[in-house]
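Reading through the structure tokens given below for one structure.
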Amino acid sequence: SSSRGSAKQWAESSFTVAQVRLLESVTCGKFPDVDRLLAGLGVLLTTTRLRFVDAQRARREPQLDVDETGWGYVEVALGDTKTTTERRPMDKNAAKVGVGHALGFGKAPWARERLDLRARLRLDASKLKCLVPAPASKNTFHAGRLLSHEFTAWLRMLFKDHKLPSPGAL
């Protein structure tokens, strides 16, 4: 099959419960910071149902709206998205926001963990002009944004290392 067909399969496949649980456990666990950051991105995309490219256009840091138990929501304010066009002027000024649950399976506090990690790494979407910059090395980042093919390559390796199928291979 062509690489284009594989990319299409990947884009149309959903994560399994086992894959999301793994992403949450990496986000909340004792793993390298870059892995925790990227796993958290995977959970964020899943829970908010955002496309990668739209999430990368976040205008500011994601925000939490939670109660004392941690239950609540994570919210990502977006910049221009795929539907922001000249033909659809009603969308130009509309608020574009991704919202998802802040707790994962077994009440995993993935959103809080991810935002705390971002703060510790001094990542700020409003300054970076993207949600996730491309990792350079341990806890350092390039000036440019993480690209979707870099993220999917990382996901495939993570799932392979944990003996889980990659989306598109199901």
Side-chain angles (χ1 to χ4, degrees), residues 2-15 19-20 22-24 26-64 74-86 88 91-100 102 110-162 166-169:
S2 73
S3 62
R4 175 169 284 203
S6 298
K8 186 172 192 271
Q9 278 183 318
W10 175 269
E12 292 175 356
S13 298
S14 300
F15 289 133
Q19 291 164 332
V20 175
L22 173 62
L23 291 170
E24 290 176 354
V26 172
T27 303
C28 298
K30 295 191 182 298
F31 291 87
D33 288 345
V34 168
D35 289 339
R36 292 181 61 218
L37 183 70
L38 296 180
L41 175 62
V43 181
L44 181 75
L45 296 176
T46 302
T47 192
T48 60
R49 306 296 291 161
L50 287 174
R51 296 178 330 125
F52 175 89
V53 69
D54 292 339
Q56 277 291 62
R57 293 182 177 136
R59 291 181 184 204
R60 62 180 180 269
E61 280 299 288
Q63 303 291 310
L64 284 179
V74 61
E75 179 178 296
V76 184
L78 307 174
D80 288 347
T81 63
K82 183 178 181 180
T83 60
T84 308
T85 66
E86 294 297 319
R88 295 178 59 139
D91 291 344
K92 191 68 178 163
N93 297 317
K96 295 162 202 71
V97 180
V99 178
W110 73 269
R112 167 67 61 207
E113 291 283 333
R114 185 164 192 279
L115 293 181
D116 289 349
L117 175 63
R118 289 182 61 80
R120 189 167 54 74
L121 295 175
R122 294 190 164 107
L123 298 176
D124 183 338
S126 64
K127 292 178 183 168
L128 294 167
K129 305 293 186 218
C130 68
L131 192 60
V132 182
S137 63
K138 184 181 176 184
N139 299 345
T140 63
F141 299 88
H142 294 290
R145 67 183 64 203
L146 176 72
L147 302 176
S148 61
H149 74 273
E150 296 167 328
F151 181 59
T152 56
W154 177 86
L155 280 171
R156 287 180 195 278
M157 186 64 74
L158 177 72
F159 293 154
K160 181 180 176 187
D161 289 349
H162 288 85
S166 291

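Residues: numbered from 1 along the sequence shown. In what follows, every heavy atom counts, from backbone to side chain, and hydrogens, waters and symmetry copies are set aside.
Taking every heavy atom of both residues into account, Glu75 and Val99 meet most closely at CG-CG2, 4.1 Å. Residues Arg118 and Pro62 come closest through the heavy atom pair NE-CD, 4.4 Å. In terms of heavy-atom proximity, Thr48 sits nearest to Gly100 at CG2-N, 3.7 Å. Nearest heavy atom pair, residue Glu113 against residue Thr27, reads CB-O, 4.0 Å. The shortest non-hydrogen separation linking Leu64 to Ala111 is CD2-CB, 3.6 Å. The shortest non-hydrogen separation linking Leu50 to Ala55 is CD1-CB, 4.1 Å.
Taking 4.5 Å as the limit, every side-chain heavy atom of Ser148 sits out of range of all side-chain heavy atoms of Val53. Annotation: side chain of Leu123 is in contact with side chain of Leu128 (closest heavy-atom distance under 4.5 Å). A 4.5 Å side-chain heavy-atom check between Leu121 and Asp33 finds at least one atom pair inside the cut-off. Val132 places none of its side-chain heavy atoms less than 4.5 Å from the side chain of Phe151. Within the 4.5 Å cutoff, side-chain heavy atoms of Leu22 are placed close to those of Leu158.
Taken to the nearest 0.5 Å, the CH2 atom of Trp154 stands 9.0 Å off from the CG atom of Leu37. Rounded to the nearest 0.5 angstrom, Leu115 CG and Gln63 CD are separated by 8.0 Å. Between Arg60 atom CZ and Leu78 atom CG the span is 9.5 Å, to the nearest 0.5 Å. Note that CG of Leu131 is 11.5 Å distant from CG of Asp54, once rounded to the nearest 0.5 Å. In this structure, CH2 in Trp110 is found 12.5 Å from CG in Leu117, a value given to the nearest 0.5 Å.
At least one donor-acceptor pair under 3.5 Å links the side chain of Gln56 to the backbone N or O of Leu146. In terms of modelled atom types and a separation under 3.5 Å, the side chain of Glu61 and the main chain of Ala125 share a donor-acceptor contact. Using modelled atom types, no side-chain atom of Thr140 and backbone atom of Ala136 make a donor-acceptor pair closer than 3.5 Å.
Sorted by first and then second residue, the salt bridge (Lys or Arg N to Asp or Glu O under 4.0 Å) pairs with a member in residues 122-135 form an empty list; sequence neighbours excluded.
By the 6.0 Å contact criterion, CZ on Arg112 is open, its count of non-hydrogen atoms from other residues, nucleotides or ligands being 12 or less.
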Any chance you could lay out the side-chain contact (heavy atoms from CB on, under 4.5 Å) test for Glu24 and Gln19, step after step, and finish with the verdict?
CA-CA 9 Å; Glu24 290 176 354; Gln19 291 164 332; over 6 Å; no
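Here the rule is side-chain contact (heavy atoms from CB on, under 4.5 Å) with Leu23, and of Leu44, Leu38, Val43, Leu41 only Val43 fits it.
In this structure, Phe15 and Phe159 have perpendicular ring planes: the angle between them is above 60°, well past the 30° mark.
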